[in-house]
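The next block holds one structure in the form of structure tokens; read it before the comments.
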Amino acid sequence: MRVYLDNAATTPVAPEVVEAMMPYFTEHYGNPSSIHAHGRAARAALEKARKTIAGLLHAAPAEIFFTSGGTETANLIIYQAVHHLGVSRIITSKMEHHCVLHTAESLFRRLKIDYVELDEHGNILYESLEQLLKNQHKTLVCLMHANNEIGTITNIARVGELCKQHGALFFSDTVQTVAHYPIDLQAVHVHFISGSAHKFHGPKGVGFAYIRSDSMLRPLLHGGAQERNMRAGTENLPGIVGMEKAMSLAYARLEEDRRHISGLKKYFLEKLRQHFPDIRVHGNEAENSLYTVLNIGFPRKQDSGMLVFNLDIHGVSASAGSACSSGSDVGSHVLAALGVTDRYEGVRFSFSRYNTTEEMDYTIEKLKEIIRP
């Protein structure tokens, strides 16, 4: 058996999504910017996808811009907020995705960066955020909706209200929550969010930026008038159609998937504690935690080093953290921000609608073989 438990890194593309995409490779292959019949058909599909995605998020279609994914979107928002909206300070946290942290750090000569305080589970301390917001710099707050490594969820409605009170712009990386949680952009005071199709059973290499109508940015990429002059380059139409289908499917079965995946996570954690009572959970255990992510600290023992690699050898795909840091030997910046000591070896297990109880049992048995008393 081969078990895939790295769905926070990427998810398998749903068969329905593949089916929806195929005609846009073989039949409807026109360029959406062309004015002939082939181009008009492509443009119609593009705008239909934009309208569908906007509707699912309670946004206006004109506020949705297609990109290559979360990293490009974060770069677009942060760079252009600094260069064109006059932002002189960023408030963020040390457990944000590197596409936010590294982009902000690359601008260190132009702005001040402040880090909000966190508790031991990765929850932001709202009192710390409020105190930082009292400084009257033109500020962009960059706080993710849910952490991709430990699953801790931030109350973005509360953050949005604090930003509104203090006149700050707010960007939330929602890559791990779009299509897993309802997001109502009419109810949350947020100026920018990001989404990436491959996190919810869509194709890789396609995503979107939400840019609120009163906070429009200038383009990061130049060379064409695509995406209403916001993002030059021919649109990835098969990918966009696939993202629309994946997102529609995810929201149509949201509660069903949540019940199934939450049940698997709970079952797996109970089994882990039964067989490995000295483990620890990184992040929030149940409340305010992604139901798709479980980060476990295993006490380091002489025969349990390189646990992720040993799991792979035994047929289980899991991870030690963000896939974007693959190959790095500096460890997880998220666990470092939480003060997790080297006595624990962190493994992220992340689940999808396609996982089963049998796979959980198989993984437990393999862990028992790898981690012997």
Side-chain angles (χ1 to χ4, degrees), residues 1-12 95 97-98 120-122 146-152 176 198-199 260-286 289-373:
M1 179 183 285
R2 186 84 220 177
V3 178
Y4 184 73
L5 295 178
D6 198 18
N7 290 278
T10 196
T11 54
M95 57 177 246
H97 193 281
H98 277 147
E120 62 180 349
H121 302 296
N147 186 267
N148 54 301
E149 291 195 27
I150 61 172
T152 296
Q176 292 291 336
H198 74 108
K199 304 297 187 178
H260 171 68
I261 299 168
S262 296
L264 288 179
K265 178 179 175 179
K266 181 180 179 182
Y267 177 83
F268 187 59
L269 181 56
E270 288 173 352
K271 289 289 185 179
L272 283 171
R273 284 196 163 129
Q274 178 183 339
H275 296 285
F276 310 101
D278 50 358
I279 61 169
R280 62 182 294 177
V281 175
H282 296 143
N284 296 324
E285 184 166 321
S289 177
L290 285 174
Y291 60 87
T292 52
V293 170
L294 179 63
N295 193 306
I296 297 295
F298 292 87
R300 290 186 184 273
K301 299 179 180 178
Q302 187 173 356
D303 58 352
S304 68
M306 308 207 31
L307 186 49
V308 168
F309 294 98
N310 283 318
L311 279 168
D312 185 35
I313 291 169
H314 284 75
V316 178
S317 296
S319 69
S322 173
C324 298
S325 299
S326 179
S328 171
D329 61 358
V330 298
S332 165
H333 73 286
V334 174
L335 296 185
L338 301 185
V340 175
T341 70
D342 290 340
R343 293 189 301 108
Y344 288 91
E345 184 171 4
V347 180
R348 181 185 67 182
F349 302 96
S350 48
F351 316 96
S352 84
R353 70 171 73 120
Y354 298 117
N355 288 123
T356 65
T357 303
E358 290 73 23
E359 290 177 330
M360 303 302 104
D361 290 335
Y362 179 87
T363 302
I364 293 294
E365 290 306 311
K366 295 306 170 183
L367 282 166
K368 287 164 63 179
E369 291 180 23
I370 297 167
I371 306 173
R372 295 180 173 88

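Only this structure's heavy atoms are used, side chains among them; waters, hydrogens and symmetry mates stay out.
Taken from CE in M360 to OH in Y362, the straight-line distance is 12.5 Å, to the nearest 0.5 Å. Here NE2 of H121 is found 8.5 Å from OG1 of T152. Values are rounded to the nearest 0.5 Å. Here the CG-NE2 distance, from L335 to H282, works out to 5.5 Å after rounding to the nearest 0.5 Å. I279 contributes atom CD1, which lies 4.0 Å from atom CD1 of I296 (distance to the nearest 0.5 angstrom). N310 contributes atom CG, which lies 9.0 Å from atom CD1 of I371 (distance to the nearest 0.5 angstrom). In this structure, the separation between OH on Y291 and CD1 on I261 is 5.5 Å, given to the nearest 0.5 Å.
For residues 351-367, the set of pairs meeting the salt bridge (charged side-chain N to carboxylate O under 4.0 Å, His left out) definition, not counting sequence neighbours, comprises D257-R353, E365-K368, K366-E369. Each side-chain hydrogen bond (donor to acceptor under 3.5 Å, both in side chains) pair with one or both residues in residues 268-279, not counting sequence neighbours, appears once here: R273-E285.
Between the side chain of N147 and the main chain of E149, a donor-acceptor pair closer than 3.5 Å is present. Looking at K199, its side chain does come within 3.5 Å of a backbone N or O of A9 through a donor-acceptor pair. A donor-acceptor pair under 3.5 Å is absent between the side-chain atoms of E345 and the main chain of P299, judged by distance alone. Looking at K265, its side chain never comes within 3.5 Å of a backbone N or O of L294 through a donor-acceptor pair.
Here the shortest heavy-atom pairing between A320 and S332 reads O-CB, 4.4 Å. Shortest non-hydrogen contact noted between G122 and I150 is CA-CD1, 4.2 Å. The two atoms that bring A8 and S350 nearest to each other are N-OG, 2.8 Å, heavy atoms only. When every heavy atom of V334 is checked against every heavy atom of M95, the shortest pair comes out as CG2-O, 3.7 Å.
Counted by atom type alone, Q176 and T292 present zero donor-acceptor pairs between their side chains at under 3.5 Å.
R300 forms no cation-pi arrangement with Y344, by the criterion of a distance under 6.0 Å to the ring centre and an angle within 45° of the ring axis.
Around OH of Y267, the count of heavy atoms belonging to other residues, nucleotides or ligands within 6.0 Å exceeds 12.
For the pair N355 and N7, the minimum side-chain heavy-atom distance is below 4.5 Å. Side-chain contact between V293 and N148: absent, with no pair of heavy atoms (C-beta onward) separated by less than 4.5 Å.
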Criterion side chain to side chain contact (heavy atoms under 4.5 Å, CB included) on L367 and L307, from CA distance to verdict
CA-CA 9 Å; L367 282 166; L307 186 49; 4.2 Å; yes

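The distance between the ring centers of F268 and F349 falls below 6.0 angstrom.
Only one option out of N295, D312, D6 pairs with S319 in a side chain to side chain donor-acceptor pair (under 3.5 Å); it is D6.
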